[in-house]
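All residue numbers in this chain count up from 1 along the given sequence. Counting starts at 1 for both ligands and their atoms, following the listed order.
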Amino acid sequence: MNYGNDDEVVDIIVIGGGIVGLAAAFKLNTFRPDLKITVLEKENELAAHQTGHNSGVIHSGLYYRPGSYKARNCVDRRRELVSFAKDHHIPHDICGKIIVATAPSELDHMNRAFNNGLQNGVEGIEKIGPEQIKEIEPYCTGIAGIWVPCTGIIDFAAVTRKYAELLAGRHTASRVLTGQEVTGFEKDGTNTLVRTQKTVFRTRFIINCTGLHCDRIAKKEGVEPGMQIVGFRGDYYDLTDHGRKKVRNLIYPVPNPAFPFLGVHFTRMVNGETECGPNAVFTFKREGYGKTDFDFRDTLEALTYMGTWKLFFKHWEFGLDEYRRAFSKKLFLRRLQKLVPTLSMDDITPGRAGVRAMALDNDGNMIDDFKIVYHGNALHVLNAPSPAATASLAIGNAIREMAEQHFKL
Ligand SMILES: Cc1cc2nc3c(=O)[nH]c(=O)nc-3n(C[C@H](O)[C@H](O)[C@H](O)COP(=O)(O)OP(=O)(O)OC[C@H]3O[C@@H](n4cnc5c(N)ncnc54)[C@H](O)[C@@H]3O)c2cc1C
């Protein structure tokens, strides 16, 4: 079907129907109901990639470096997300989580995370000992821990669909179109022609929120992003009926600051299942959710990028370990048993996977904070890692402010 209309000029095209794209469009239209916004998503449904494949955790803001954009926004906007979920009846539960140290060598990192939490204003956090750990999670064993009461669980795909519903429902000139893959851009006076595989749209401004493909869209639009997306797959196991008896809510290991992936953890989901994971392995396909998925272009681009090799060399031991665990249930279980020692092979069964868009610079450094760049009549979201789903309303708002400032809306 051809949705484009040669004479029609849209104010803003948002590319990408994940939680960031929809939050940006939703915030823009809430503040500026006069704007005609079109969201273009390549898949036939919203939230089909990172947003629909994440852990579903409303993060507290404990982990992030005080003063970082992540830290500043996670705490305030977490509260905004929770009240949004309440107002719109989105399944969620503020069930709290524990972070558990299992060896003396982890105590320094644990204390650092606790102090970060205090500086970031995370409410209600408490240091706990082995008995309190057992009271909260009877099957979990640790030498010390942190109780984080404001962490919760939510269905982020449902949040995304709600942003879309409110956008199109409140603002009849705005729309969300699925099955529209953006393939290129062309200048047309002060406007831009946005090509999809089906049609051409004419717009004044563009906002690129394409997650795993944001670097490619940025390049097509004429921006040299100074980074590249490399996909890292995270595999999950599900707890079986028997295993579920051993975990009440959320159990996390102490974070290793060198790897911002938070480690393999237990997460009760809003659908009643409990997942454990994810690990983090280099994937040969940006949207590859199977262990052997392969895409020639994705692999070639990743392996001809210097940053990927520099990352491999810096962290080869960690990478190798993660790879072994990806193919061995026994090794995966062993990691989980650090937190829940009585967990057995029968308690876990292979589950789904997600792929993180890891933004790497040329030196192999993972870009940690959110990154949004302005170019001509476009904004490009080049890094929106976890907790971007928790902080989606904050990122949406930041994009709105940048759009108003740079696009002079
Ligand atoms: C395994 C995993 C666990 C995580 N756990 C958490 C968590 O518990 N809590 C939390 O807050 N965050 C978590 N995150 C992070 C969070 O999921 C992401 O930061 C967030 O979903 C990013 O949203 P996005 O909209 O930028 O990307 P995406 O959700 O990937 O959306 C991008 C969209 O762009 C579309 N697109 C791409 N190219 C084109 C094109 N050419 N034309 C049109 N559309 C296009 C894609 O199809 C996709 O739908 C996790 C992430 C992963 C991968």
Side-chain angles (χ1 to χ4, degrees), residues 13-25 38-61 63 70 73-74 77-78 81 97 151-157 159-160 163 176-185 194-198 206-218 220-221 229 231-236 250 252 260-262 264-265 267 269 275 277-281 283 286-287 289 351-359 370-372 380-392 394-396 399:
I13 283 191
V14 175
I15 313 168
I19 200 164
V20 172
L22 265 310
T38 296
V39 179
L40 300 177
E41 164 56 47
K42 73 181 165 67
E43 306 292 349
N44 291 325
E45 56 175 3
L46 299 175
H49 292 292
Q50 294 181 92
T51 303
H53 287 85
N54 67 23
S55 298
V57 176
I58 304 175
H59 286 301
S60 63
Y63 297 109
K70 278 184 180 180
N73 287 287
C74 193
R77 299 303 171 152
R78 161 168 50 77
L81 177 74
K97 82 168 175 188
T151 296
I153 51 175
I154 194 164
D155 179 347
F156 282 121
V159 175
T160 308
Y163 293 156
V176 179
L177 304 178
T178 54
Q180 292 279 357
E181 177 167 2
V182 172
T183 54
F185 305 94
V194 177
R195 285 190 189 284
T196 73
Q197 82 288 27
K198 293 179 184 163
I206 293 161
I207 302 180
N208 164 17
C209 303
T210 51
L212 285 153
H213 296 283
C214 64
D215 53 339
R216 289 178 177 161
I217 290 291
K220 280 188 176 151
E221 204 277 316
I229 293 293
F232 273 76
R233 197 188 68 247
D235 305 307
Y236 291 89
L250 276 64
Y252 273 61
F261 312 132
L262 311 185
V264 170
H265 47 84
T267 313
M269 313 285 285
E275 286 186 332
N279 57 352
V281 289
T283 166
R286 288 195 188 192
E287 292 169 355
Y289 299 101
R352 61 190 185 112
V355 179
R356 297 182 180 85
M358 171 108 69
F370 301 138
K371 181 173 176 169
I372 306 168
H380 296 273
V381 178
L382 295 179
N383 197 34
S386 185
T390 302
S392 52
I395 301 177
I399 295 171

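- Near Y236, meaning under 4.0 Å from any of its heavy atoms, are these atoms of ligand 1: 1 (C), 2 (C), 3 (C).
- Assignment of R216 to the shell around ligand 1 is not supported, since no heavy atom sits closer than 4.0 Å.
- From the protein, the heavy atom lying nearest to atom 18 (C) of ligand 1 is A384 O, 3.8 Å.
- Each of the following atoms of ligand 1 lies closer than 4.0 Å to a heavy atom of L40: 43 (C), 44 (N).
- Checked against a 3.5 angstrom limit, the closest N/O atoms of V182 and ligand 1 fall inside it.
- Remark: R216 engages H213, R286, R297, D298, E301 in a side chain to side chain contact (heavy atoms under 4.5 Å, CB included) (not counting sequence neighbours).
- Of the possible donor and acceptor atoms, none in the side chain of R195 sits under 3.5 Å from a partner among the backbone N and O of T183.
- Nearest to atom 32 (C) of ligand 1 among the protein's heavy atoms is C209 O, 3.5 Å.
- Listed by atom number, the atoms of ligand 1 under 4.0 Å from H53 heavy atoms are 1 (C), 2 (C).
- The closest approach between S55 and ligand 1 falls below 4.0 Å for a heavy atom of the residue.
- Remark: the backbone N or O of T210 is paired with a side-chain donor or acceptor of N208 at under 3.5 angstrom.
- Taking the six-membered ring where the residue is Trp, H59 and Y252 present perpendicular rings, their angle passing 60° and hence far from 30°.
- Side-chain N or O atoms of Q197 include one that pairs as donor or acceptor with a backbone N or O of E181 at under 3.5 Å.
- In terms of the side chain to side chain contact (heavy atoms under 4.5 Å, CB included) criterion, residue partners of N54 (sequence neighbours excluded) are, by chain and number, F156, A389.
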Worked check of side chain to side chain contact (heavy atoms under 4.5 Å, CB included) between R233 and H53: CA-CA 10 Å; R233 197 188 68 247; H53 287 85; over 6 Å; no
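- Comparing heavy-atom distances from atom 21 (O) of ligand 1 across V20, T51, T183 singles out T51 as nearest.
- No donor-acceptor pair under 3.5 Å is formed between the side chain of E275 and the backbone N or O of G351.
- What sits closest to atom 27 (O) of ligand 1 on the protein, heavy atoms only, is Q50 NE2, 3.3 Å.
- When hydrogens are left out, the protein atom nearest atom 16 (C) of ligand 1 is N54 ND2, 3.8 Å; that is the closest non-hydrogen contact.
- Taking a cut-off of under 4.0 Å to the non-hydrogen atoms of P385, the atoms of ligand 1 that pass are 19 (O).
- In terms of modelled atom types and a separation under 3.5 Å, the side chain of T51 and the main chain of I19 share a donor-acceptor contact.
- Residue T390 places at least one N or O, backbone or side chain, under 3.5 Å from an N or O of ligand 1.
- Below 4.0 Å from some heavy atom of I15 lie the following atoms of ligand 1, by number and element: 42 (N), 43 (C).
- Looking at atom 35 (C) of ligand 1, its nearest protein heavy atom turns out to be E41 OE1, 3.2 Å.
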